[in-house]
Amino acid sequence: MKYIDRVYADLQKKYANQPEFLQAVREVLESIAPAVEKNEEIYEKNAILERITEPDRIISFKIPWVDDKGQAHVNIGYRVQFNNSIGPYKGGIRLHPSVNPSIMKFLGFEQVFKNSLTSLPIGGAKGGSDFDPKGKSDREVMAFCQSFMTELYKYIGADVDVPAGDIGTGAREIGYFFGQYKRIRGVYEGVLTGKGLSYGGSLARKEATGYGLLYIVDELLKDHGDTLEGKTVVISGAGNVAIYAAEKATQLGGKVVTMSDSTGWIYDKNGIDLALVKEIKEVRRARISEYTKAHPEAVYTEGRGVWSVPCDVALPCATQNELLEEDAKILVANGCKAVCEGANMPTTIEATKILQESGVMFVPGKAANAGGVATSALEMSQNSERLSWSFEEVDEKLHGIMKNIYKNISSTAKKYGMEGNYVAGANIAGFEKVVDAMLAHGVC
Ligand code: NDP
Ligand code: 2IT
């Protein structure tokens with residue numbers, strides 16, 4: 001049995017109950033085969049694949065908190081510190097009822113390769129809890145966040161592990177986390193990113209993932225002699241990534257016609273009114289269905305369905321496994337030219353294969369959504385030098401980073417004879433840098 005196949009078979013046995021983790025590993029291992037085969041002896045001798053697929057540690061803890069009625073609750077918290085070969089652990093905190101060890105591990109694993117692609121010195125991690133912030137008061141969210149940090153503070157630090165936002169964790173939650181960390185440790189340091197501007201946050205971090213996604217879409221289209229001007233763009237999600245993806249897509253001349261949340265989706269043939277979506281989601285924390293109250297000409301449909309809308313560019317920006325085989329077939333039939341992932345692993349392996357085989361350009365999340373964590377690393381730099389850069393300076397750096405990522409994944413795919421296969425390009429390029437550091441550090 002080949003080295004790669006043996007490692008994957010062992011993981012399948014060991015982690016049979018972790019489907020998302022196995023899915024993420026399978027996608028990476030399948031596509032890095034040519035790079036592994038070139039160095040098989042040294043990698044196998046050093047157990048590189050076994051070591052890169054096993055997190056350094058998984059911390060899990062109890063989070064007791066009290067609601068507004070005086071009732072106590074218990075949630076579970078996690079931090080998966082996956083790999084710190086190229087820098088301190090770095091990655092977001094997800095607050096969503098679906099959070100479990102499989103989802104934490106898949107996200108931590110993806111983060112290792114993504115962070116490597118940014119070219120900045122950050123290792124990979126992820127954390128979260130099965131706590132659902134939806135429908136909770138600010139005080140309840142604060143109580144939860146303080147309890148979460150009362151455990152997590154032991155394992156993080158500006159040079160150790162630097163958490164940030166993800167699904168369910170935005171500026172409000174980061175503020176509560178930071179306040180509690182500072183209170184317990186008595187240290188004022190850049191231990192989290194996505195912070196508010198008054199206490200060490202970076203301009204453009206809020207916009208970075210969505211803007212970065214569109215910078216890579218722009219590079220991709222330009223490289224294929226096209227632009228976003230006049231293109232129809234379909235977006236899923238209505239959170240941090242989706243909103244700023246829609247904003248930059250519109251600035252680049254595209255027309256965004258859909259957005260969604262977990263209850264349903266809106267289609268506005270005139271182009272989404274983004275100021276209204278921001279008001280609904282960022283201010284009122286309400287449902288996307290509210291949109292049609294102000295825009296009766298738009299259509300709201302319950303459930304999923306954005307991929308059925310004809311488009312040139314599709315940007316999944318909500319969650320994992322939200323773009324399925326049947327969705328890919330519809331996108332292809334409707335003439336979609338490009339799918340770029342704003343979310344982490346939103347496209348299933350089967351759907352990805354259909355898109356690639358049908359000639360749809362496909363850029364995976366670990367390259368396409370790396371602008372968020374890249375700008376988090378820029379926030380860390382600003383915190384270290386105790387300075388703040390202007391919006392333009394951060395945005396320009398972000399733009400440069402995304403251009404470089406595109407160049408890197410595109411040329412790596414070419415180098416291995418798989419031109420246009422950005423999944424292979426991203427996985428191999430991300431992998432090679434981390435492995436180089438792992439080999440330099442010896443077996444550890
Ligand atoms: P938010 O919490 O701001 O928004 C998430 C959006 O996706 C909401 O509209 C939410 O709807 C929807 N959603 C979440 N879970 C589901 C689900 N199970 N089914 C259907 N819809 C769902 O999160 P972000 O925008 O920050 O994150 C979106 C994706 O982007 C995630 O995959 C995240 O890991 C990834 N990402 C985020 C980065 C960041 O900087 N924030 C960086 C890189 C990747 P509802 O409100 O109804 O739950
Ligand atoms: O998935 C991701 O890259 C994020 N949620 C952002 C992580 C970060 O540290 O900014």
Side-chain angles (χ1 to χ4, degrees), residues 55-82 84 87-105 107-108 111 122-201 205 240 285 373 376 379-380 383-384:
D56 289 350
R57 66 194 61 79
I58 303 176
I59 300 143
S60 130
F61 45 91
K62 179 173 77 176
I63 312 167
W65 60 278
V66 178
D67 72 18
D68 288 345
K69 294 191 185 104
Q71 175 64 51
H73 298 267
V74 173
N75 286 98
I76 307 174
Y78 303 93
R79 187 71 180 165
V80 176
Q81 295 179 331
F82 220 106
N84 66 352
Y89 301 110
K90 181 85 197 85
I93 292 182
R94 178 174 292 193
L95 302 181
H96 194 271
S98 63
V99 162
N100 61 32
S102 173
I103 289 180
M104 291 286 97
K105 277 178 66 184
L107 289 164
Q111 201 80 43
I122 38 179
K126 200 79 185 191
S129 170
D130 57 359
F131 174 77
D132 187 358
K134 262 192 224 110
K136 305 287 192 301
S137 70
D138 285 351
R139 196 213 59 83
E140 288 173 330
V141 170
M142 181 174 75
F144 166 83
C145 289
Q146 290 181 339
S147 186
F148 186 96
M149 189 50 79
T150 301
E151 276 299 319
L152 188 69
Y153 88 94
K154 300 167 193 165
Y155 311 105
I156 62 176
D159 294 315
V160 179
D161 182 354
V162 182
D166 193 76
I167 292 177
T169 301
R172 175 182 60 174
E173 291 73 19
I174 294 290
Y176 294 146
F177 288 145
F178 187 81
Q180 187 71 352
Y181 179 86
K182 172 170 68 68
R183 187 178 177 204
I184 299 178
R185 289 286 321 277
V187 176
Y188 205 111
E189 59 174 7
V191 67
L192 289 145
T193 59
K195 298 186 292 299
L197 298 178
S198 58
Y199 62 95
R205 173 62 187 91
N240 175 260
R285 298 182 190 274
V373 75
S376 278
E379 183 172 328
M380 290 165 72
N383 292 165
S384 295

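This structure is a prediction, so every number in the text was calculated from the model and none was measured.
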(message) Tyr188 and ring-ring contact (aromatic ring centres under 6.0 Å, His included): which single residue from Phe178, Tyr181, Tyr199 fits?
(response) Phe178

(request) Quick one: closest heavy-atom pair of Gly128 and Val99, and the distance? (result) C-CG1, 4.2 Å

(request) Identify the two heavy atoms, one from Ile174 and one from Leu192, that lie closest to each other, and give their separation to 0.1 Å. (result) O-CD1, 4.1 Å

(request) May I ask you to check whether Thr193 and Lys90 show a side-chain donor-acceptor distance below 3.5 Å? (result) yes

(message) Determine whether a donor-acceptor pair (N or O, by modelled atom type, separation under 3.5 Å) exists between the side chain of Asn84 and the backbone of Gly87.
(response) no

(message) Please find the pair of heavy atoms, one from Ile76 and one from Ser60, that lie closest to each other, and give the distance.
(response) CG2-OG, 4.3 Å

(request) Measure the shortest side-chain to side-chain distance between Val187 and Lys182 over non-hydrogen atoms and say whether it is less than 4.5 angstrom. (result) no

(message) Between Phe144 and Phe131 (judged by ring centroids, cut-off 6.0 Å), do the two rings come close enough to count as a pair?
(response) yes

(message) Would you compute the distance between atom CD of Gln180 and atom CG of Leu152 and round it to the nearest 0.5 angstrom?
(response) 11.5 Å

(request) Report the distance from atom OG1 of Thr150 to atom NZ of Lys62, rounding to the nearest 0.5 Å. (result) 12.5 Å

(request) Compute whether any side-chain donor of one residue and acceptor of the other, for Tyr89 and Arg57, lie under 3.5 angstrom apart. (result) yes

(message) Any heavy-atom pair between the side chains of Asp132 and Pro97 that's under 4.5 Å?
(response) yes

(message) In the structure I gave you, are the side-chain heavy atoms of Val373 and Gln111 within less than 4.5 Å of one another anywhere?
(response) yes

(message) Could you check whether any side-chain heavy atom of Lys105 comes within less than 4.5 Å of a side-chain heavy atom of Pro55, counting everything from C-beta outward?
(response) yes

(message) Around atom CZ of Arg183, are there more than 12 heavy atoms from other residues, nucleotides or ligands closer than 6.0 Å?
(response) no

(message) Could you tell me if the side chain of Trp65 sits less than 4.5 Å from the side chain of Lys136, heavy atoms only?
(response) yes

(message) Between Asp161 and Pro88, is there a side-chain heavy-atom distance shorter than 4.5 Å?
(response) no

(request) Kindly write out the residues that satisfy ring pair (Phe, Tyr, Trp, His ring centres under 6.0 Å) with Phe177, not counting sequence neighbours, or none if the list is empty. (result) Phe148

(message) Would you say that Met380 contacts Ile122 through its side chain, given a criterion of any heavy-atom pair below 4.5 Å between the two side chains?
(response) yes

(message) Which residues pass the side-chain contact (heavy atoms from CB on, under 4.5 Å) test with Tyr155, not counting sequence neighbours?
(response) Ile59, Gln81, Glu151

(message) Tell me whether Ser147 contacts the main-chain N or O of Ile63 through its side chain, where contact means a donor paired with an acceptor under 3.5 Å.
(response) no

(message) Quick check: closest heavy atoms across Asp68 and Ser137, and the distance to 0.1 Å?
(response) OD2-OG, 2.7 Å

(request) In sequence, state the C-alpha distance, the side-chain angles, and the governing distance for Val66 and His73, and then conclude on side-chain contact (heavy atoms from CB on, under 4.5 Å). (result) CA-CA 6 Å; Val66 178; His73 298 267; over 6 Å; no

(message) Quick check: do Arg94 and Thr169 have side-chain heavy atoms less than 4.5 Å from each other?
(response) no

(message) If you apply the rule side-chain contact (heavy atoms from CB on, under 4.5 Å), what do you find for Ser98 with Ile103, and how did you get there?
(response) CA-CA 8 Å; Ser98 63; Ile103 289 180; 4.2 Å; yes

(message) Let me confirm one number: the OG-CZ distance from Ser129 to Arg79, rounded to the nearest 0.5 Å.
(response) 13.0 Å

(request) Check side-chain contact (heavy atoms from CB on, under 4.5 Å) between Lys69 and all other residues, then give those that pass, not counting sequence neighbours. (result) Asp67

(request) Considering non-hydrogen atoms only, spot the tightest contact between Gly168 and Pro133 and give its length. (result) O-CG, 3.7 Å

(message) Let's go through Asn383 and Lys195 carefully: what are the C-alpha distance in whole Å and the side-chain angles of both, what is the deciding distance for side-chain hydrogen bond (donor to acceptor under 3.5 Å, both in side chains) to 0.1 Å, and is it a yes or a no?
(response) CA-CA 11 Å; Asn383 292 165; Lys195 298 186 292 299; 2.7 Å; yes

(message) Quick check: closest heavy atoms across Ile93 and Pro163, and the distance to 0.1 Å?
(response) CD1-CB, 3.6 Å

(message) So, taking the atom named NZ in Lys126 and the one named CD1 in Ile58, what distance separates them when rounded to the nearest 0.5 Å?
(response) 15.0 Å

(message) Treating Glu379 as the side-chain partner and Gly194 as the backbone partner, does any N or O pair qualify as donor plus acceptor under 3.5 Å?
(response) yes

